[in-house]
Amino acid sequence: DNLWRRTSRRRYALVIRVSLARLDAYLFPAAAAADDEAKATDDDASAERGLFDNAKAALLSISDADFSWPATDTPALAGVDLAVFPGELVGVVGAVGSGKSALLGAAAGGRLVRAKGAVVVDAAAAVAPQKPFVASATVRANVTLGRPLDRAKYDACVDACGVRED
């Protein structure tokens, strides 16, 4: 029974890894091609680099941070260390109630209050929540969210999401 569980976990981890790689290649085809070319040299450099050795290049860096929910001293997350670098696609996976949404909220500057540590966001970040927000409006209104229309960005978004016909 224990061997079956370990085998199942490895299989699911592999499926998740392959799925994320396919999503990354679909959403960022130019980056995927460049990554394939640079992979051989990057693997050696990545093994030698520590998590925060290249923190200036990180798009998101959370260092030894504790977070709590507003109006409470009870920690929601403790000792968080995370760095996200350009070209990385990050998936947060865990059991129900393990803190996935709290981590994403902390990274995106959501409702959590930082009690200690540092959070540096050096770029715009996108978070795909568990419950997507879709307004009862046109596709265009849902994509632009009240901002002025940038036709090139709008067309790219609509094509990437496969909702051109909508």
Side-chain angles (χ1 to χ4, degrees), residues 12-13 15-36 38 51-52 54-166:
Y12 288 126
V15 168
I16 289 169
R17 182 176 173 196
V18 169
S19 297
L20 289 175
R22 287 178 180 166
L23 277 171
D24 196 32
Y26 176 76
L27 293 172
F28 309 103
D35 285 348
D36 289 344
L51 182 62
F52 292 102
N54 198 11
K56 288 185 180 178
L59 299 175
L60 168 68
S61 175
I62 302 175
S63 178
D64 193 29
D66 291 351
F67 299 92
S68 62
W69 296 107
T72 177
D73 292 331
T74 307
L77 299 169
V80 177
D81 287 310
L82 173 67
V84 179
F85 296 93
E88 290 183 331
L89 176 65
V90 178
V92 180
V93 180
V96 173
S98 63
K100 300 178 298 293
S101 296
L103 176 62
L104 292 173
R111 297 183 327 183
L112 292 178
V113 177
R114 183 171 35 92
K116 78 167 202 174
V119 176
V120 178
V121 180
D122 199 25
V127 175
Q130 293 172 349
K131 295 180 182 176
F133 171 79
V134 179
S136 180
T138 64
V139 171
R140 179 176 167 175
N142 275 281
V143 170
T144 60
L145 296 173
R147 294 187 176 129
L149 177 65
D150 179 329
R151 178 54 72 175
K153 286 183 180 178
Y154 174 78
D155 287 340
C157 178
V158 168
D159 291 337
C161 295
V163 294
R164 171 78 49 203
E165 294 76 29
D166 297 334

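Since the model is a prediction, treat every value here as computed from it, not as a measurement.
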Exercise for the section: Could you tell me which non-hydrogen atom of L112 sits nearest to which non-hydrogen atom of A102, and how far apart they are? Expected result: CD1-O, 3.0 Å
Completion exercise
By side chain to side chain contact (heavy atoms under 4.5 Å, CB included), T72 pairs with (sequence neighbours left out) W69, T74
Practice task
Search all heavy atoms of L60 against all heavy atoms of A107 and return the closest pair with its distance.
Solution key: CD2-CB, 3.7 Å
Problem - N/O donor-acceptor pair under 3.5 Å between K100 side chain and V92 backbone - result: no
Fill in the blank from the handout: Heavy atoms of P75 and S68 approach each other most closely as CA-CB, 4.1 Å
Handout entry: CG on D150 to SG on C157, rounded to 0.5 Å
Key = 11.0 Å
Handout entry: Heavy-atom pair with the smallest gap, counting every atom of A137 and N142
Key = O-ND2, 3.6 Å
Fill in the blank from the handout: Scanning both residues in full, the closest heavy-atom pair of Y154 with L149 reads CB-CD1, 3.5 Å
Practice task
Using modelled atom types only, decide if a donor and an acceptor are shared between the side chain of D64 and the backbone of G117 within a distance under 3.5 Å.
Solution key: no
Practice task
Give the minimum heavy-atom separation between G79 and D66, together with the two atoms involved.
Solution key: N-OD1, 2.7 Å
